[in-house]
Colleague: 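To start, I am sharing the structure in question, which I have written as structure tokens.
Letters go in sequence order (proteins before strands), and every chain restarts at 1.
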2 protein chains.
Amino acid sequence: MNYSIGEVAARMGTNTSTLRYYDKKGLLPFVERDAAGRRKFKDNDFNFLEVIDCLKRSGVPIKDIGHFISLCLQGDTTLRQRYDYLDQEEAVLADKVRDMQAQLDFLRFKKWYYKTAVEAGTETIHFTPGTNFVAPTTHAQYQAALKKADDVRQLIDLPAD
Amino acid sequence: MNYSIGEVAARMGTNTSTLRYYDKKGLLPFVERDAAGRRKFKDNDFNFLEVIDCLKRSGVPIKDIGHFISLCLQGDTTLRQRYDYLDQEEAVLADKVRDMQAQLDFLRFKKWYYKTAVEAGTETIHFTPGTNFVAPTTHAQYQAALKKADDVRQLIDLPAD
DNA sequence: GCTTGACTTAAACCTAGGTTCAAGTCGTAT
DNA sequence: ATACGACTTGAACCTAGGTTTAAGTCAAGC
């Protein structure tokens, strides 16, 4: 029924200092105390902790998380504000995922670049002849190879040494 | 053919201080100087800048990016190391994308929680009767609703006010 | 009744990743 | 020739997000 800060830290995969830091920053106003002043977490508090953890992983700054938590403690009048806040964070996070995917695509292009260079024994296969500069057509070559390939892995993965 | 630090900053969507900071941290050893000591970027340097930008967006620490750049300047003997490095970063980034997706799924569950609460006019529809605590079955209810739904949007989106 | 381990606080410390500032050097347009 | 804007440097400053330390409280086991 009740959990100490140490038990909560273990269960959440964090440490007690971090939880105290969050408390100081206003993220845990719902936590009660025992007669000796020790934090006493209830089962229901894990619902808050899950939200905090999710927003944290999503890259939301701590003070914004605190704002959301404070809305939660104000009762039904803030329901729509809470919805709108999560709706906005969903959009932000979806953008972030799209950006990560774009970076992943670029990393894969660079893997192809180095895979082919490793196979050739030299990076010069990608250079404009007579220079040390990468030919401007390189990325287009990758795109073309990618279109023909059945499997990205086959195109960009090199067997482990 | 040549670009000043200001032109490069504009093109990369950053500012000159940041580029100088990167230079100081060893990310731009390939940049040349003119007679007056001003940085002189070449077209080929944008290939490096793109990689730096990609790794930065991917969350790679600056010193690690510097390590990769230094491998690049050591010639063909480091080709395999560069491949392996990118291969590892690809895996790290793919993990990160999976985690973001999981956070997105959780945010959507919470949107559903608040959408239904807003529609009911009260959060108590999710509480165990007679308490102020969220019923443990709430998430399972969402999963069930999600399985039956044709479209997540319909399940979790509330019309804009 | 004393030690041990988990808790409490405030305050100091740390790192990453910049940003700002002060003082100075150029090339160019007036 | 002088003013302007863009460049140069090193050093100081800043924020976020913790982590560490010091000093103390408390319950339980020996």
Colleague: D:dA28 P sits how many Å from A:D34 CG, rounded?
Modeller: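 A:D34 atom CG is separated from D:dA28 atom P by 11 Å.
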Colleague: State whether the side chain of A:D95 and the backbone N or O of A:V92 hold a donor-acceptor pair below 3.5 Å, judged by distance alone.
Modeller: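 A pair under 3.5 Å: no.
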Colleague: Are any of B:S4's side-chain N or O atoms less than 4.0 Å away from OP1 or OP2 of D:dC7?
Modeller: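 Indeed, a polar side-chain atom of B:S4 lies that close.
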Colleague: Just how far, in rounded Å, is C1' of C:dA6 from CG of A:N2?
Modeller: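 To the nearest whole Å, that distance equals 16 Å.
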Colleague: B:D23 has an atom CG; how far is it from atom P of D:dC7, in whole Å?
Modeller: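 Whole-Å distance recorded here is 14 Å.
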Colleague: Measure from CG on A:L28 to C1' on C:dT9 and round the result to the nearest Å.
Modeller: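 Value for this atom pair: 16 Å.
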Colleague: For residues 126-136 of chain A, dump all side-chain donor-acceptor pairs below 3.5 Å to protein atoms at least two apart in sequence or in another chain.
Modeller:
from   : atom 1 : to     : atom 2 : distance (Å)
A:H126 : NE2    : A:Y113 : O      : 3.0
A:H126 : NE2    : A:T116 : OG1    : 2.8
A:T131 : OG1    : A:T128 : O      : 2.7
A:T131 : OG1    : A:F133 : N      : 3.1
A:T131 : OG1    : A:F133 : O      : 3.4

Colleague: Is it true that a side-chain atom of B:Q143 and a backbone atom of B:H139 form a donor plus acceptor pair closer than 3.5 Å?
Modeller: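 Flag not set: sc B:Q143 to bb B:H139 has no pair under 3.5 Å.
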Colleague: Output, in order, the C-alpha distance, side-chain angles, deciding distance and verdict of salt bridge (charged side-chain N to carboxylate O under 4.0 Å, His left out) for B:R20 and B:D23.
Modeller: CA-CA 5 Å; B:R20 286 194 200 97; B:D23 197 3; over 6 Å; no
Colleague: Checking the side chain of A:Y83 only, and the main-chain atoms of B:K111 only, is there a donor and an acceptor separated by less than 3.5 Å?
Modeller: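 A pair under 3.5 Å: no.
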Colleague: Quick one: does any side-chain atom of A:S4 pair with a main-chain N or O of A:E7 as donor and acceptor, under 3.5 Å?
Modeller: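 Such a contact is found between A:S4 side chain and A:E7 backbone.
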Colleague: Could you tell me the separation between the NZ atom of A:K40 and the C1' atom of D:dC26, rounded to a whole number of Å?
Modeller: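 Rounded to whole Å, this separation is 16 Å.
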Colleague: So, OP1 or OP2 of D:dG18: does either fall under 4.0 Å of a side-chain N or O from A:S17?
Modeller: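 For A:S17, the contact criterion (side-chain N or O under 4.0 Å from OP1 or OP2 of D:dG18) is not met.
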Colleague: Measure the distance from CG on A:D64 to C1' on D:dT15 and round it to the nearest whole Å.
Modeller: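 A:D64 atom CG is separated from D:dT15 atom C1' by 14 Å.
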Colleague: Nearest-Å distance, CZ (B:R33) to C1' (D:dT9)?
Modeller: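 Whole-Å distance recorded here is 10 Å.
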Colleague: Angle, rounded to 10°, between the helical axes spanning five pairs at each terminus of the helix from C:dG1-D:dC30 to C:dT30-D:dA1?
Modeller: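 Axis-to-axis angle, ends of the helix: 10°.
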Colleague: I'd like to know if the side chain of A:K96 and the backbone of A:S58 have a donor-acceptor N/O pair within less than 3.5 Å.
Modeller: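 Checking the backbone N and O of A:S58 against the side chain of A:K96, a donor-acceptor pair under 3.5 Å is found.
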Colleague: Rounded to whole Å, please give me the gap between CD1 in A:I52 and C1' in D:dG18.
Modeller: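 Answer to the nearest Å: 15 Å.
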Colleague: Enumerate all atom pairs, one protein N or O and one N or O from nucleotides 16-18 of chain C, separated by less than 3.5 Å.
Modeller:
from   : atom 1 : to    : atom 2 : distance (Å)
C:dA16 : OP1    : B:K63 : NZ     : 3.0
C:dG17 : OP2    : B:I62 : N      : 3.4
C:dG18 : OP2    : B:Y22 : OH     : 2.8

Colleague: Is the positively charged end of A:R82 above the ring of A:F68, judged by distance under 6.0 angstrom from the centroid and angle within 45° of the axis?
Modeller: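 That pair does not qualify as a cation-pi contact.
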Colleague: Between the main-chain N or O of B:D43 and the side-chain N or O of B:Y3, is there a donor-acceptor pair closer than 3.5 Å?
Modeller: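 Judged by distance alone, no pair lies under 3.5 Å.
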Colleague: Would you indicate what A:R20 reaches in the nucleic acid, counting non-hydrogen atoms under 4.0 angstrom: base, sugar-phosphate, or nothing?
Modeller: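 Base, at least one base atom sits under 4.0 Å.
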Colleague: Between A:R38 and D:dC26, does any side-chain N or O lie under 4.0 Å from OP1 or OP2?
Modeller: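 Answer no for this pair, as no side-chain N or O of A:R38 is under 4.0 Å from OP1 or OP2.
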